[in-house]
Amino acid sequence: MGIFCHKCNCYIRGDVDQFGCHLQLRGHNPPFSCCEGQCDETRIEHKTSFLRHLRHFHMQDIHSSDSEDSDNAGDYEEASHQEREQEQEIHQQEHDDQEGLQPDSDNMSVGSNETMEEGQQCRQTEDELERLAARYTMDLKKNGNVTDVAIDTVIQETTVLLGKVLNFAMEKIRANLNQAKGKPLNDNVLENSLDIFIGDPFFRLKTKEERLLYYTKYFGYIPPEPMFVGKYRFENRYDKKNKCTIQKQIPCNFQYVSMIETLTAILNNPVLFKLIHEEKRSTDGRMRSFLDGKKGLHHPFLDKYPFTIRLVWHGDDYETVNAEGAKTLIHKLIALHFMIQNLPPEENARLRALHLLCYAYRVDMTSGEGIDVLLEPLFRELEQLQSDDGVSIKACGKPFTLRAILVACMGDAAAAHEMLGLMPPSANSFCWRCTVNRKDLHENIFSRGEKRTPDLHKSHLQAIENLGTAAQKYYGIEREATLITRSVHAPFPESFVRDAMHDILKGIGPMEIKLALVEFVGKKKYFNADFVNARLSSFVYGPADSKNKPSANFSDSSLNAITSYNLRQSAAQTWLLIQVFPFLFGSKVPADNLHMRLIVLLKRICEIVFSPVLSENDIGVLETLIFQHHTLFSLLYPPNQGNEEAARNEEITEEDTDSEVDDPNEGLGETERVHQIAGAGSKKKEKVIRPINKHHHLLEYPEIIRDFGPIVHYWCMRMEGKNALPERYASICNNFKDLPLTLSDLHQTKHAADFMDWTCTVREEITFSLGQVTTIQDIEHRHHVSFQLAGINEDTVIEKLTTVKAGGFVYLPGLYVVLPFQANNVALFGRILFPLRADEKIYIAYQDTELMTFDHNNGAYRIKNLSDSPIKILLLEKLPPCRPMSAWTPYDSASLYLSPRTSTMSDFIPPEHA
């Protein structure tokens, strides 16, 4: 029968917990009376005391009454919608019996169409409410990084709120019906009728386990699977019984997400399925993807199965606690993700395009073959995917044969060396693509070694087996790597692509900017650190770049001597600083200054390296620019300067240039450290500047681009953004008992929500802010606007917009865009006057600009606004996929300059000859 509720005057089916939910839903307030058996507790002041009383004194009576209909009562966590509907019908009949209302048998025909339709409608309403409630809890975790404990609290409070709302609705409906019919309405009939349609939408979502079950069944949630590493570790755990800390043996596990299940979920998204199968090679001679490179043009498996999914793996590790300065690495994690290369670049630019493979504790992978343990389940699944039979799945409701191959890996230098079984980047043999050593790099910045092919790597392993440790150090190989031995369609190490973000924005860029500033401030005394900070703060970057404005954090002590190459800037800030550096300090530096020239060359290199579309001419220009850049670096810092022993001691290693925060003494020789500690009066040795590993990496970029397509598609910028989420969430949840499980659960919940929201492509996602609604006749200077050429009639309603976001770009009045046509083989720019909307289409109203020249000193285009030129209208979708720019003005000039981030116009700019 259940538990009798004296407030509702009826029996409530279920156990004490369900009865507590009923009290919350109905908003019943104390005092409570117990009506079980002959109990004389008629006034209990607290709900928890009431429920505790039922558990302690009446559990046997409740269980015995429930056992009479146990055949009809399903398990609380697994109850289906149909079972709960049957319970509601039984409950409704019990209510009627309590009130002495006997149902009319003539009106209770179970088989009648009317009753079946009403029951079906009730179930649909209940299903929809439950689905909305489940998505409500999922969005809390996706958008707010809310912990499961917080979600439990939200559910409890929302349930109480719904109960209050239901009571309020009952009172309003009762008052209206009584007023209309003039006679009172039975309370229980009204309450039970509303309960059928409203109910408790969180009925099966009370706990984390219940929510995950629901997400898995209805939302495509893919649960992570724990996998045993093969060893144990000891941790200190508090023993509550003995009230002391004891050591406990903990199995070392990592959380793995099935790659096949993730690919199946991706192909069941209609938008992604269509995008993957619409991919084509370029026909205009430009490189846009892997298919346009040498590796993709002549790939036997892709020629045989054109719709094969191409996978790119990424590996990285990061500290989740005190990431700015942690040294203990107690909660450092390894994360492996993969990306689908078949999708357009603008889709892969989003964080949701990175799919989790595994999370693991760094301390569990410290042994020589630790990382190979993570790769083992990946290759087991990959063997199925890259076979001729593939994996049979259902995609969008139809049978589909899933095939996928690994074509490349990406990551920073530390991740690459670990996954390839090589010694760390600080070793003498520091390059994973060739056999060059550090001494050769110091003597000649253009030094190249023998290319590391799978066959050469195998011969090196054989030599190490015969000769031992000495050969290990000579070849730079630590162990035989699973990534090399088990990869079939991607020959490693050469298929591990360089990362332009770490090489340029975290390596060469900070180093050369620091060297230039030390030259300007510490040696030449052109200005001081306060001047640097003032220029960084006051420069007008414009709306397109203001969010990446460099930090004004320089000091005279940091610019008088080189203790570290770190600028304390993010990668995006460093990228903008490289672009704007000539505009900030060009007026205070002689025009022929070689340090400024070095930065401008690096700026030109960045424009090509970070371009998503490249031509053979671009690669030729890149080779020339790299040659000029390295030649100038060798001229400024000759290879034979200083003492060789000092150079060896004072070398700033790869790890120093990669780290976010450096020890101020890192990179200094022992002698220099002693002088620094001795005090300001001691004489310091002058630092010997040498090329770093990343100068050598840059030499390989033209070859990598020709083989794999634009290298920007393999950079780790989006990966760093992906890692920022678990870092932030770890500090919020404060649950470090099994951090890989906690973070993988968060990722998979967000992943499932992202798939549900992935209903259109990036180019189709257009948002705008409405400014003014008008007509052509009311627009100022309408006679100078070519509306008819754009296909807009004079009587069309025009909506002038303030902001338009489309294709990942923001279009604002005052920004400059690259136009889709040329004059005399020279690209043209247009200044946006205002975006507008007409006939459900988005247009850009702009004026032409005059391209004066390309200024090699600033590495930018000098333009002139044509204010008297006619206003032109262009459909937004016809604009090239180039980021809108802000015009910059140097401090010593009134001229306007445009500095594109990518090589949009590289075909029209000849490289400057030395």
Side-chain angles (χ1 to χ4, degrees), residues 259-260 262-264 266-269 271-314 337-348 353-355 357 375 378-393 395-396 398-410 433 453-455 483-498 612-616 619 703-715:
M259 189 164 50
I260 293 178
T262 303
L263 290 174
T264 302
I266 292 170
L267 291 174
N268 275 286
N269 184 297
V271 175
L272 299 180
F273 185 88
K274 182 180 179 182
L275 287 175
I276 289 173
H277 287 82
E278 285 180 347
E279 184 194 25
K280 296 180 181 178
R281 288 187 171 94
S282 299
T283 57
D284 57 357
R286 291 179 174 266
M287 290 186 181
R288 291 179 173 84
S289 70
F290 175 83
L291 293 179
D292 301 322
K294 292 181 180 178
K295 299 287 186 182
L297 286 174
H298 309 289
H299 199 291
F301 195 88
L302 295 179
D303 293 339
K304 186 176 182 180
Y305 303 108
F307 295 121
T308 299
I309 292 179
R310 304 190 307 278
L311 304 176
V312 178
W313 290 352
H314 171 265
H337 295 83
F338 77 90
M339 179 183 69
I340 296 180
Q341 216 180 40
N342 308 63
L343 292 173
E346 61 269 16
E347 299 291 340
N348 278 330
L354 300 174
H355 314 288
L357 287 172
L375 297 179
L378 273 67
F379 276 107
R380 282 203 301 266
E381 288 194 297
L382 192 62
E383 287 174 357
Q384 303 177 51
L385 293 169
Q386 64 190 11
S387 64
D388 290 333
D389 296 334
V391 177
S392 298
I393 63 170
C396 296
K398 298 180 180 179
F400 183 82
T401 301
L402 173 61
R403 297 184 183 89
I405 60 172
L406 176 67
V407 296
C409 285
M410 54 185 179
R433 290 179 58 88
T453 61
D455 292 336
L483 186 62
I484 298 178
T485 58
R486 298 191 61 177
S487 178
V488 176
H489 298 288
F492 288 98
E494 62 179 298
S495 292
F496 211 110
V497 182
R498 297 288 186 194
V613 181
L614 293 171
S615 64
E616 182 59 36
I619 302 176
E703 179 186 359
I704 294 175
I705 294 173
R706 287 190 175 101
D707 286 342
F708 294 91
I711 202 169
V712 71
H713 298 331
Y714 302 89
W715 72 340

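Positions are given from 1 along the sequence. Note: hydrogens, waters and symmetry copies are ignored here, and every other heavy atom, side chains too, is used. Remember, predicted model here, so these are calculated numbers, not experimental data.
When all heavy atoms of Asn269 and Val271 are compared, the closest pair comes out as OD1-N, 3.0 Å. For the pair Thr264 and Asn268, the tightest heavy-atom approach, listed with the atom from each and the gap, is O-ND2, 2.7 Å. When all heavy atoms are compared, the tightest approach of Ala490 to Ser495 is C-OG, 3.7 Å. Ala395 approaches Phe273 most closely through the heavy-atom pair CB-CE1, 3.8 Å. The heavy-atom pair separating Met287 from Ile705 by the smallest distance is SD-O, 3.5 Å. Taking each heavy atom of Val497 and Ala408 in turn, the nearest pair found is CG2-CB, 4.0 Å.
Side-chain contact between Arg486 and Leu382 is absent, with no heavy-atom pair separated by less than 4.5 Å. Taking 4.5 Å as the limit, every side-chain heavy atom of Phe708 sits out of range of all side-chain heavy atoms of Val407. Within the 4.5 Å cutoff, the side chain of Pro612 has no heavy atoms near those of the Pro710 side chain. Using a 4.5 Å cut-off on side-chain heavy atoms (C-beta onward), Met339 and His314 make no contact.
Between Arg706 atom CZ and Leu614 atom CG the span is 11.0 Å, to the nearest 0.5 Å. We find the CG-CD distance between Leu311 and Glu381 to be 10.5 Å, quoted to the nearest 0.5 Å. Within the model, atoms CG of Leu402 and CG of Leu263 stand 5.5 Å from one another, a figure rounded to the nearest 0.5 Å. Rounded to the nearest 0.5 angstrom, Lys398 NZ and Ile393 CD1 are separated by 14.0 Å. Summarising the geometry, atom CG belonging to Leu375 is positioned 6.0 Å from atom CG belonging to Leu483; distances are rounded to the nearest 0.5 Å. To the nearest 0.5 Å, atoms CD (Gln384) and OG (Ser392) are separated by 11.0 Å.
Salt bridge annotation for Lys274-Glu279: absent, with no cationic side-chain nitrogen under 4.0 angstrom from a carboxylate oxygen. Classification of Asp388 and Lys304 as a salt-bridged pair holds, one side-chain N sitting under 4.0 Å from a carboxylate O.
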Practice task
Please lay out, stage by stage, how Glu616 and Arg286 fare under the test side-chain contact (heavy atoms from CB on, under 4.5 Å).
Solution key: CA-CA 7 Å; Glu616 182 59 36; Arg286 291 179 174 266; over 6 Å; no

Problem - Residues Met259, His355; criterion side-chain contact (heavy atoms from CB on, under 4.5 Å); working and verdict - result: CA-CA 9 Å; Met259 189 164 50; His355 314 288; over 6 Å; no

Problem - Test log, rule side chain to side chain donor-acceptor pair (under 3.5 Å), inputs Arg288 and Ser282 - result: CA-CA 7 Å; Arg288 291 179 173 84; Ser282 299; 3.1 Å; yes

Handout entry: Evaluation steps, side-chain contact (heavy atoms from CB on, under 4.5 Å), between Phe492 and Leu406
Key = CA-CA 11 Å; Phe492 288 98; Leu406 176 67; 4.0 Å; yes

Practice task
Could you check Gln341 against His713 for side-chain contact (heavy atoms from CB on, under 4.5 Å), going step by step and ending with a plain yes or no?
Solution key: CA-CA 9 Å; Gln341 216 180 40; His713 298 331; 6.0 Å; no

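Considering Phe338, Tyr714, Trp313 as possible partners of Cys409, the one that fulfils the side chain to side chain contact (heavy atoms under 4.5 Å, CB included) test is Trp313. Looking at Ile309, Asp303, Thr308 one by one, the single match for side chain to side chain contact (heavy atoms under 4.5 Å, CB included) with Tyr305 turns out to be Thr308.
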Side chains of residues 294-302: which donor-acceptor partners sit under 3.5 Å, not counting sequence neighbours?
from, atom 1, to, atom 2, distance (Å)
Lys295, NZ, Glu494, OE1, 3.1
His299, ND1, Phe301, N, 3.4

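Remark: side-chain polar atoms of Asp707 are not paired, donor with acceptor, to backbone N or O of Gly293 under 3.5 angstrom. Side-chain atoms of Arg281 come within 3.5 Å of backbone atoms of Leu291 as a donor-acceptor pair (strictly under, hydrogens ignored). Asn342 places a side-chain N or O within 3.5 Å of a backbone atom of Arg310 that can act as its donor or acceptor partner. Judged purely by atom type and a 3.5 angstrom limit, Ser487 has no side-chain atom pairing as donor or acceptor with the backbone of Ile484.
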